[in-house]
Amino acid sequence: MSFDVDQEILEDFLVEAGEILEQLSEQLVDLEQRPDDRDLLNAIFRGFHTVKGGAGFLQLEAMVECCHKAENLFDQLRNGELVVTSDLMDVVLQALDAVNNMFESVRNGIEPEHAPDALLQRLIDFAEGRGGAVPGPGASAPAPAPAPAAEPAPEPEPLPSNPNTPNDDFESLLGDLAGASQSAADTGGDTGGDSDLITEDEFEALLDDLHGPGGAPGAEKKAPASAAPAPAAVESSGGGDDLITDDEFEDLLDQLQSEGRGAFAHTQPAAKPAAAQPSQPVAAPTPAPAPEPAQPAAPAVSASAPASGAARGAAAQKPAPESNVRVDTRLLDKIMNMVGELVLVRNRLVRLGVTHEDEEMGKALGTLDMVTADLQTSVMKTRMQPVKKVFGRFPRLIRDLSRNLKKEVRLELRGEETDLDKNLVEALADPLIHLVRNAVDHGIEAPEERAKAGKPREGHVLLSAEQEGDHILLIIQDDGAGMDPEKLRSLAVKRGMLDAESARRLTDQECFNLIFQAGFSTKTEVSDVSGRGVGMDVVKTKITQLNGTLSIDSVIGQGTRIAIQVPLTLAIMPTLMVILEGQAFALPLVNVNEIFNLDLTKTNIVDGQQAIIVRDQALPLFHLKRWLVNGQESAPLPEQGHVVIVTVGTTRVGFVVDQLVGQEEVVIKPLGTILHGTPGLSGATITGDGRIALIIDIPNLLKHYAQT
């Protein structure tokens with residue numbers, strides 16, 4: 001599909017409409033909890049209206065049609081003619097889903113299809129008071145009822161003002177203007193409701209009242225004998241325009257001030273002439289000595305204060321400059337790649353500097369190290385997005401699941417502003433959806449069961465995120481029924497996953513981890529929500545692909561807690577450098593638990609696999625060089641070796657390596673065509689001493705080589 005508009009305009013629409021549609025999903029769920037929130041009603045109305053306007057400009061008739069009918073419905077709601085109900089919200093959320101589908105079609109260059117006729121008709125029925133709509137307090141009025149007094153219609157928010165600007169005086173002037181034009185309002189002029197803004201008719205009436213019909217501050221007219229000398233006439237530059245010019249406005253201020261009706265009239269003694277007023281407003285002004293009565297500069301002096309205040313007020317109301325710049329993500333990726341190269345050079349220079357005892361070079365390298373680290377952090381932040389981008393979809397998910405499963409569930413979100421790499425934000429969406437659906441379906445009991453157990457009828461699901469060093473910790477927790485480890489053991493034996501003796505040796509923690517096995521499900525019936533035994537397996541696979549870890553804990557009758565730890569970014573990775581037969585390899589540090597030296601003559605054989613005992617737990621032991629170094633498949637084992645304990649998902653194993661180099665932050669580079677697809681390798685990097693190191697993909701390595 002090709003839109004007959006500028007591509008930049010289309011991109012702007014996709015960005016703006018995408019953000020609005022994300023907000024609408026959250027706002028609609030909030031509205032069901034706060035149906036009387038007029039600000040929320042107005043925000044949702046404006047959201048549909050804005051998307052409709054953008055779609056209309058692009059001639060996307062399908063989106064315009066659906067948004068227009070939703071907009072009409074919310075116009076009735078915000079006017080008090082209808083009341084928010086669950087049935088009404090079901091229809092509105094279906095309409096939002098339809099608009100989202102159309103939006104995705106536009107994003108993919110496909111002509112969007114119209115919403116189903118039945119859905120559009122239901123929107124019309126609700127807007128017209130049919131289809132189960134509940135009329136509001138304003139439905140019986142002959143005309144659209146105004147907002148109740150307790151809930152006034154939202155007024156335009158005042159623009160931010162400079163704290164040093166005497167805006168109170170300027171507001172006082174506006175008050176004087178509005179008071180002087182009251183007669184015009186009483187004769188049928190539209191006053192704009194409760195707005196403080198003076199209308200054009202009121203302002204013209206004020207000019208007529210001050211200067212006679214057709215008069216203006218700069219017009220030549222005969223001044224009364226008792227009046228002070230009038231300011232010099234100013235020729236209007238409006239060319240017949242109804243707008244008042246700056247000179248005319250200043251002359252009007254002069255006139256008001258000279259008649260004692262200006263912004264500072266309430267602070268001046270009546271007996272003092274205009275020329276004696278202070279030129280700057282103060283809290284307790286001290287009267288200045290009266291000047292000569294005939295002093296011609298008196299009007300200018302009296303006008304200087306309000307003119308200055310008006311000028312500064314106008315300056316304070318100037319819109320703030322645009323602080324955001326839209327940048328193509330491909331450019332950010334390119335910059336990130338260049339910063340990665342800089343990090344590699346920094347590592348190399350720092351390593352060289354250690355071998356040269358040059359004080360000046362050491363200082364320069366220290367500065368380079370610090371600046372590079374700051375630059376790296378700043379560029380990484382440009383790729384960061386708040387986890388709210390993922391969390392925002394869960395209120396709607398919980399709402400729909402609750403109605404589908406006939407459960408009462410409250411969702412609590414914490415740490416929505418926690419930032420992480422944009423690629424991780426997108427990658428975490430599916431695992432979190434599986435976990436939250438699992439918590440509601442498996443964990444939270446039916447309201448009647450909870451009441452019998454002495455629990456509140458409403459279940460609680462917590463979804464939180466927080467940063468811990470260079471990692472993000474995600475928590476999914478519920479206060480449901482929890483998991484019974486004995487039941488999990490028996491299910492594993494029944495389905496042939498373990499024999500009875502192996503199942504008996506499992507700890508409770510290992511029993512909980514069984515739910516991450518492919519095909520394992522505690523559900524006896526398959527539904528459209530769960531029961532197929534694939535959801536949790538998908539979670540484990542995805543988290544391990546992200547170099548993350550997950551752990552699970554549960555207490556019968558109290559609930560379940562799942563913790564996920566993922567790195568902040570996938571572009572730069574902290575690693576543990578090791579040596580195998582002279583070749584450098586990098587193990588992702590997020591998977592490394594501990595390191596120690598081991599007497600390899602004291603290992604054990606468990607189920608045919610060499611193992612070591614670490615804190616009373618048997619861990620499989622593998623010799624990496626037998627897998628990764630050509631010609632070492634049958635190499636004799638050393639008597640002493642370095643063992644690295646790593647965690648993959650819920651599995652812990654030990655790797656034997658020849659030499660430990662230390663921790664190093666590396667930039668991941670893709671493998672060349674020769675090594676592309678090599679099992680157990682995810683990329684390459686350059687070490688601080690200039691050597692090429694291969695980055696180990698631990699999950700795939702174990703999947704391909706391990707016999708467990």
Side-chain angles (χ1 to χ4, degrees), residues 25-37 40 83-94 96-97 126 131-134 390-414 416 431-464 474-488 491 512 515 520-533 535-536 539 552-563:
S25 180
E26 302 176 40
Q27 291 168 340
L28 289 173
V29 177
D30 289 343
L31 180 64
E32 200 165 15
Q33 307 299 321
R34 309 196 307 272
D36 297 326
D37 190 330
L40 193 54
V83 173
V84 174
T85 63
S86 295
D87 290 338
L88 183 147
M89 293 305 301
D90 285 340
V91 176
V92 174
L93 288 169
Q94 291 173 21
L96 179 63
D97 289 340
F126 272 99
V134 179
V390 178
F391 282 12
R393 67 185 67 185
F394 288 104
R396 167 73 187 279
L397 177 66
I398 291 290
R399 187 257 182 200
D400 291 346
L401 281 175
S402 300
R403 288 179 63 82
N404 185 21
L405 300 172
K406 305 294 191 295
K407 295 181 178 181
E408 300 175 12
V409 185
R410 176 174 59 90
L411 175 66
E412 180 184 358
L413 300 176
R414 295 181 189 169
E416 295 177 85
L432 290 179
I433 287 175
H434 281 298
L435 291 173
V436 171
R437 288 167 64 95
N438 194 72
V440 176
D441 189 24
H442 291 257
I444 302 297
E445 313 96 326
E448 296 76 15
E449 294 180 26
R450 293 179 62 87
K452 290 179 181 178
K455 292 183 176 181
R457 291 178 59 87
E458 182 182 63
H460 176 251
V461 174
L462 169 67
L463 185 57
S464 71
L474 298 166
I475 301 293
I476 303 92
Q477 182 173 319
D478 65 75
D479 66 346
M483 292 189 291
D484 184 352
E486 291 301 327
K487 180 181 178 181
L488 295 173
L491 281 173
F512 299 146
I515 68 172
F520 189 91
S521 176
T522 58
K523 274 276 193 177
T524 57
E525 296 180 0
V526 176
S527 68
D528 58 349
V529 177
S530 65
R532 293 177 176 83
M536 302 303 281
V539 170
I552 185 170
D553 194 16
S554 185
V555 178
I556 298 178
Q558 297 184 21
T560 302
R561 180 182 185 271
I562 297 178

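Here the structure is a predicted model, which is why all the values come from computation and not from measurement.
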Kindly indicate whether the side chain of Pro35, heavy atoms from C-beta on, has any atom under 4.5 Å from the side chain of Val83.
no
Evaluation steps, side chain to side chain contact (heavy atoms under 4.5 Å, CB included), between Asp87 and Asp90
CA-CA 5 Å; Asp87 290 338; Asp90 285 340; 4.2 Å; yes
Can you tell me how far the CD atom of Glu32 sits from the CG atom of Leu40, to the nearest 0.5 Å?
11.5 Å
For Ser554 and Thr560, the nearest pair of non-hydrogen atoms, with its separation, is OG-OG1, 3.0 Å
Do you know the tightest heavy-atom contact between Met483 and Pro485?
O-CD, 3.5 Å
Test side chain to side chain contact (heavy atoms under 4.5 Å, CB included) applied to Ile433 and Arg393, step by step
CA-CA 9 Å; Ile433 287 175; Arg393 67 185 67 185; 3.9 Å; yes
Heavy-atom pair of closest approach, residues Glu26 and Gly392:
CG-O, 3.3 Å
Kindly compute the distance separating CD1 (Ile562) from CD1 (Ile515), expressed to the nearest 0.5 Å.
5.0 Å
State, to 0.1 Å, how close Glu486 and Asp484 come at their nearest heavy-atom pair, and which atoms those are.
N-OD1, 3.0 Å
Please test Leu28 against Arg399 for side chain to side chain contact (heavy atoms under 4.5 Å, CB included), starting from the C-alpha separation and ending with a verdict.
CA-CA 10 Å; Leu28 289 173; Arg399 187 257 182 200; over 6 Å; no
Nearest 0.5 Å, please: how far is CD1 in Ile556 from NZ in Lys487?
10.0 Å
Minimum heavy-atom distance Phe391-Glu416, with the two atoms named
CD2-CG, 3.9 Å
By salt bridge (Lys or Arg N to Asp or Glu O under 4.0 Å), which residues pair with Asp400, not counting sequence neighbours?
Arg396
Any chance you could measure Arg437, atom CZ, to Leu397, atom CG, to the nearest 0.5 Å?
6.5 Å
If you measure from CD on Glu458 to CZ on Arg410, what distance do you get to the nearest 0.5 Å?
5.5 Å
Within the structure provided, determine whether Met536 and Leu435 are in side-chain contact (heavy-atom separation under 4.5 Å).
yes
Evaluation steps, side chain to side chain contact (heavy atoms under 4.5 Å, CB included), between Asn438 and His442:
CA-CA 5 Å; Asn438 194 72; His442 291 257; 2.8 Å; yes
Do Lys407 side-chain atoms and Asp441 backbone N/O form a donor-acceptor pair below 3.5 Å?
yes
Across all chains, not counting sequence neighbours, the side-chain contact (heavy atoms from CB on, under 4.5 Å) partners of Arg450 are Ile444, Glu445, Lys455, Pro456, Asp479
Measure the shortest side-chain to side-chain distance between Leu31 and Val84 over non-hydrogen atoms and say whether it is less than 4.5 angstrom.
yes
Which atom names give the shortest non-hydrogen contact between Asp478 and Gly443, and what distance separates them?
OD1-CA, 4.1 Å
Report the distance from atom CZ of Phe394 to atom CG of Leu463, rounding to the nearest 0.5 Å.
5.5 Å
